[in-house]
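Some notes on the structure that comes next.
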Amino acid sequence: MGIGDKAKNKAEELAGKAKAGVGDATDNRDLEAEGRTQEAKADVKQAGENVKDTGDDVADALRSASGATKFDNDRDDTLR
């Protein structure tokens, strides 16, 4: 996951927390719920990105263990 995606997800999470806090402080239950929903969406996005990162890490470890490279599948095997 790119650093831009991480920053975007964190910003969305913080905006949700702020919105929920303002809603709580002003007894605006709709705003509070909206903030909590925004926060939850950011958490789900972050979890999905973490799964992708983990998958990439596993693939890299398997390639490393086998001696293969990321680009081995891009070769034309008919030339062998």
Are Lys45 and Asp43 close enough for a salt bridge, meaning some N to O gap below 4.0 Å? no

Look up atom NZ in Lys52 and atom CG in Asn50, then write down how far apart they are to the nearest 0.5 Å. 10.5 Å

Heavy-atom closest pair, residues Ala42 and Asn9: CB-O, 3.5 Å

Side-chain heavy-atom pair Leu14, Glu39 within 4.5 angstrom cut-off: no

Between the NZ atom in Lys6 and the CD atom in Glu49, the distance rounded to the nearest 0.5 Å is 9.0 Å

Flag the pair Asp5 and Lys8 as a salt bridge only when some basic side-chain nitrogen lies within less than 4.0 angstrom of an acidic carboxylate oxygen. no

Can we say Glu13 and Lys17 salt-bridge, meaning some charged N sits less than 4.0 Å from an Asp/Glu carboxylate O? yes

Nearest atoms (heavy-atom pairs only) where Ala20 meets Arg36: CB-NH1, 3.8 Å

Residues Lys19 and Gln38: closest non-hydrogen pair is NZ-OE1, 3.1 Å

